Structure formats: structure tokens, C-alpha cells
Amino acid sequence: MRPKNEQELLARAESIAGLTLSELASQWHIAIPPNLKRDKGWVGMLIETVLGATAGSKAEQDFNHLGIELKTIPINSKGYPLETTFVSLAPLTQNSGIIWENSHVRHKLAKVLWIPVEGMRQIPLAERRIGCPILWQPSADQEQRLRLDWEELMDYIVLGKIEEINAHLGEVLQLRPKGANSRSLTKGIDKNGQIINTLPLGFYLRKQFTSEILQQFMQNG
DNA sequence: ACATGATCATGC
DNA sequence: GCATGATCATGT
């Protein structure tokens, strides 16, 4: 069921806009959990299935043949994002030679199909509605801001300042833990060049940035 | 009220 | 542990 071109993917995404999650899940005979506490990726997996992405794939993008990454994003009643958006894990070792142009962050964000979904916890998961899809590519200005943040954050990693990193750094992109829990460890490099155990970190888009993307494509005010 | 740091599920 | 998909929930 994988879409053969961009138009087909977009048409499929537009065809599910307005449906509730229970309507879509029942059409596909997919069980719906009571909430997302133990199924945080459920909405994303459902939309992947429906749109024909290869679930569980290790591919760089969800639709590699189209050069498109799929992201669901939870929004409030005003269309504002309720959560940050995970992009990719940060390379804490073996990162020499990685520059913005060949980074995973740039590749994944080169073209994104955003699917807004109502995310307010007061709305039962089954009753949350799917919004209109947004096919986005970063503007020159947006890519520049992403690049500057990425370069600043990568400098911390490469220069052995990994223990100084926190989520306050970065204007539109931030680094936060991305693991099973606070005991999850990976290898990193400290200020003396020694290998240390440290929390895995991921690049996340701040809500202010994704809000800008959603607003950019909003119709009728 | 909200962002940061922590956490959940799954496959290999 | 890493990569996929993310949201939870506590501290400030």
C-alpha cells in the first residue's frame, strides 16, 4: 500500500483529515489503547500504517523513495503544538567529519509531511481528530536557524562539553535525553578526551518552531 | 502553566 | 543499546 508518488501520499493524508482516531483505527482493525501512557508512539504508528510507510523500518525517511519524513504532531484547540518533536539521536562519538550538510537532522527535516492530531488529554484518545496534512520544506531562513543551533550543540559534543549540555541550549533545536530511562547509558567523550558513560541525547524541535510551521500553512486566519 | 528531564513500547 | 514511534509528569 505504499504510495507511488507525492501526490498519492498527500491525497491519502487528506482523505483521513477530519476522522477521529477510533474511526480510522476501526477501519484498519487496529486496537485502540485507553490512553497514550503506555503507547506513546501509537498515533504515529497508526498514521504510518494508514499512509503506507514501512513500519519499524530503519530507513532514514519514512518514504525513502519520495524523500519524505512523516511526523504526527499533537496540537491543542488553537492548533498549537503540545509537545516537542523528536528528530534523531545525537552522535556522541565517532562524529568527526559530520557537518550540517551530511547530518541526520538536515536529512530528516529536508521534507516532512506533518499530520496534526488533537492531543489534549481532556479529549479521550478515541475521539481525537486528525487534522489537515502539511507538506513542508524548510525555508532558507528556517534551515539557517536549524543549522546554527545544530552547529552550536554539536560543538558542545565534539569539544567534550557533553556534561554541560541541557535543554536550555538552542533557539529552535534542543538536545534532551532520549532513552528508556535515566539509567540508559551510551558512550561519550569528556573534557579530557576520555570515553565516559552518559545519557543518550536526541535532537528535538522546540514547539515555537513547529508552531511556526503549522501557522505558515494555516488557511483562513 | 509549561519546559525539561524522564519515561514507555517494540524489534533486532 | 540503538533506532523506530513519541508523550509523560515533575520541578520550577
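This one's a predicted model, so the numbers in the text were calculated from it and none came from an experiment. By convention in this document, chain letters (A, B, ...) are assigned in the order of the sequence lines, proteins followed by strands, and residues within each chain are numbered from 1.
- Within the 4.0 Å cut-off from OP1 or OP2 of B:dA6, not a single side-chain nitrogen or oxygen of A:Arg183 is found.
- Under 4.0 angstrom from either OP1 or OP2 of B:dT7 there lies at least one side-chain N or O belonging to A:Ser182.
- In this structure, A:Phe209 atom CZ and B:dA3 atom C1' are separated by 18 Å, rounded to whole Å.
- Nearer to the 5' terminus of DNA chain B, by closest-nucleotide assignment, is the contact made by A:Arg206 (compared with the other of A:Asn181 and A:Arg206).
- Side-chain proximity of A:Lys207 to the nucleotides B:dA3, B:dG5, C:dG5 is greatest for B:dA3.
- Not a single donor-acceptor pair, N or O on each side, falls under 3.5 Å between the base of B:dA3 and the side chain of A:Tyr204.
- Distances shorter than 4.0 Å separate none of the side-chain N or O atoms of A:Thr84 from OP1 or OP2 on B:dA3.
- Between A:Thr186 and C:dC2 there is a side-chain polar atom (N or O) within less than 4.0 angstrom of OP1 or OP2.
- OP1 or OP2 of C:dC8 has at least one side-chain nitrogen or oxygen of A:Arg121 nearer than 4.0 Å.
- Of the residues A:Thr198, A:Leu175, A:Asp190, the one that meets the side chain to side chain contact (heavy atoms under 4.5 Å, CB included) test with A:Ile162 is A:Thr198.
- Taking side-chain N and O atoms only, A:Lys40 has no distance below 4.0 Å to OP1 or OP2 of B:dT7.
- Regarding A:Glu48, its CD atom lies at a distance of 15 Å from the P atom of B:dT10, rounded to whole Å.
- Here A:Pro74 lies in heavy-atom contact (under 4.0 Å) with sugar-phosphate atoms only.
- Rounding to the nearest 0.5 Å places CG of A:Asn76 at 8.5 Å from NZ of A:Lys207.
- Among the heavy atoms of the strands lying under 4.0 Å from A:Gly41 is at least one base atom, whether or not backbone atoms are also near.
- A:Gly119 comes within 4.0 angstrom of no nucleic acid atom, judged by non-hydrogen atoms across all strands.
- The separation between A:Arg176 atom CZ and B:dA3 atom C1' is 8 Å, rounded to whole Å.
- Residues A:Val50 and A:Ile16 have side chains in contact (heavy-atom distance under 4.5 Å, counting atoms from C-beta outward).
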Apply the test side chain to side chain contact (heavy atoms under 4.5 Å, CB included) to residues A:Leu214 and A:Ile134: give CA-CA distance (whole Å), side-chain angles for both, the deciding distance (0.1 Å), then the verdict.
CA-CA 7 Å; A:Leu214 300 183; A:Ile134 292 172; 3.7 Å; yes
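- Checking the phosphate oxygens (OP1, OP2) of B:dT4, a side-chain nitrogen or oxygen of A:Gln174 falls inside 4.0 Å.
- When the C1' atom of B:dC8 is taken as reference, atom CZ of A:Phe86 falls 14 Å away, rounded to whole Å.
- When each of A:Glu83 and A:Asp39 is assigned the nucleotide of DNA chain B with its nearest heavy atom, A:Glu83 is the one assigned upstream, toward the 5' end.
- Distances shorter than 4.0 Å separate none of the side-chain N or O atoms of A:Lys178 from OP1 or OP2 on B:dT4.
- The side chain of A:Arg38 contributes an N or O atom lying less than 4.0 Å from OP1 or OP2 of B:dA9.
- Looking at A:Thr72, A:Ile75, A:Leu70, A:Thr210 one by one, the single match for side chain to side chain contact (heavy atoms under 4.5 Å, CB included) with A:Trp114 turns out to be A:Thr210.
- Positionally, the nearest nucleotide of DNA chain C for A:Leu89 lies more toward the 5' end than for the other of A:Leu89 and A:Lys71.
- Among the candidates A:Glu171, A:Glu212, A:Glu151, A:Glu152, the single residue satisfying the salt bridge (Lys or Arg N to Asp or Glu O under 4.0 Å) test with A:Arg145 is A:Glu212.
- Taking atom CG of A:Leu82 as the reference point, atom P of C:dC8 lies 9 Å away to the nearest angstrom.
- When the C1' atom of C:dT7 is taken as reference, atom CG of A:Asn35 falls 11 Å away, rounded to whole Å.
- The interatomic distance linking A:Phe203 (CZ) with C:dA3 (C1') rounds to 16 Å, in whole Å.
- Between the CG atom of A:Leu175 and the C1' atom of B:dA3 there is a distance of 15 Å, given to the nearest Å.
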